[in-house]
Every structure is written in structure tokens, then in C-alpha cells.
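Heads up: numbering here begins at 1 and tracks the sequence.
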Amino acid sequence: QAQLVESGGGLVQAGGSLSLSCAASGRTFGTSVMVWFRQAPGKEREFVAGITWTFGRTYYADSVKGRFTISRDNAKNTLYLQMNSLKPEDTAKYYCAKSGKWPPPTNSREYGYWGQGTQVTVSS
């Protein structure tokens, strides 16, 4: 089983920036795609962005396109999410997950394992 550990969350004012990380370890063989999801209180977990591990091809939800950038460091087995121009509606717990599909599934039920998540709070 792969272990996924998210970090980098925090409290930021609207318009600010945060950078999240997801360190992957353990059984990562067969991982071709990594994704970020987020979940706000009382809402379903929603897709944010995905990236192919080998070539770095990216895919974004419309709500974050142009503001968020997903990237990865293959040597460090680490996934990143740079979040700029943050809005209060970006407030959520952010999770990373792995997939073998492209484009990445946007339904969270298609993912079997999640890290513990990292909280992002954007104040207005």
C-alpha cells in the first residue's frame, strides 16, 4: 500500500498564496497519475487537479484553472499544488491520491486510498 502524506496547509487571506506538498512512499509502482481533491465541510470531495507522473501532463477543474498549478518531483516522489489568488471558497481540506487513469477520474469514489489531508483556510 502506498503512503501519502499531505502538508503545507494553513490560514491565508483572500488573494494570497499557499503551496501544498504530498509525499508518496511505499508501494507506488503502477502509479501513473497523481491528483489533488478537496473537501469543504458538508460538501462532497471534489476534484482539483491531476498530473501524469512521467510527462507532467496536467488537468484542472474549471474552478481553479489559471490560479492553481500542479507539479511533481519524480526524484523526490513528491506532488505539489501551488495555489495563487486564493478565494474564501477555496477553503477545504486538501487530499492527494494516485490513479492509473487519464484523464483522471473526477469522482472521488474511484479512488481507494487517501492521505490524511491538509487544511486550507482562506479568510475574506
Nearest-0.5 Å distance that lies between atom CG in Leu4 and atom OH in Tyr113: 5.5 Å

Ignoring hydrogens and angles, tell me if any N or O in the side chain of Thr52 forms a donor-acceptor pair with the backbone of Arg57 under 3.5 Å. yes

Answer yes or no: is there a side-chain heavy-atom contact under 4.5 Å between Val35 and Tyr95? no

Testing the basics here: between Met34 and Cys22, what is the closest heavy-atom pair and its distance to 0.1 Å? CE-SG, 4.1 Å

Under 3.5 Å, which donor-acceptor pairs do the side chains of residues 8-15 form with other protein atoms, sequence neighbours left out?
none

Would you call the rings of Phe68 and Tyr94 parallel, tilted or perpendicular if under 30° counts as parallel and over 60° as perpendicular? tilted

Under 3.5 Å: donor-acceptor pair, side chain of Arg72, backbone of Thr54: yes

Approximate separation, where rounding is to 0.5 Å, of Arg67 CZ and Ser85 OG: 7.0 Å

Beyond-backbone contact of Gln119 with Thr91, side-chain heavy atoms, under 4.5 angstrom: yes

Taking C-beta and beyond as the side chain, do Leu20 and Met83 meet within less than 4.5 Å on heavy atoms? yes

Would you mind reporting whether Asn77 and Trp53 have side-chain heavy atoms less than 4.5 Å apart? yes

Can we call the ring centroids of Tyr111 and Phe37 under 6.0 Å apart? yes

For the student: nearest non-hydrogen atoms of Asp62 and Lys65, plus distance: OD1-NZ, 3.1 Å

Distance col, row Tyr60:OH vs Phe47:CZ, nearest 0.5 angstrom, shows 9.5 Å

Give a yes or no on whether the backbone of Ala92 and the side-chain of Gln39 come within a donor-acceptor separation of less than 3.5 Å. no

Rounded to the nearest 0.5 Å, what separates atom CZ in Arg38 from atom CG in Asp90? 4.5 Å

Nearest heavy atoms of Trp36 and Ile70, plus distance in Å: CD1-CD1, 3.6 Å

Value rounded to 0.5 Å, distance of CZ in Arg45 from OG1 in Thr106: 14.5 Å

Working to the nearest 0.5 Å, report the span between CG of Leu79 and OG of Ser21. 8.5 Å

Tell me the closest heavy-atom pair linking Ser19 and Gln82, and the distance in Å. CB-OE1, 3.4 Å

Under 6.0 Å from the OH atom of Tyr59, do we count more than 12 heavy atoms belonging to anything else shown? no

Between Gln116 and Val5, is there a donor-acceptor pair closer than 3.5 Å when you use the side chain of the first and the backbone of the second? no

SB check Glu89 Lys43 (cutoff 4.0 Å): no

List the atom of Val33, the atom of Pro104, and the distance in Å for their closest heavy-atom pair. CG1-CB, 4.0 Å

Residues in side-chain hydrogen bond (donor to acceptor under 3.5 Å, both in side chains) with Ser17, at least two apart? Asn84

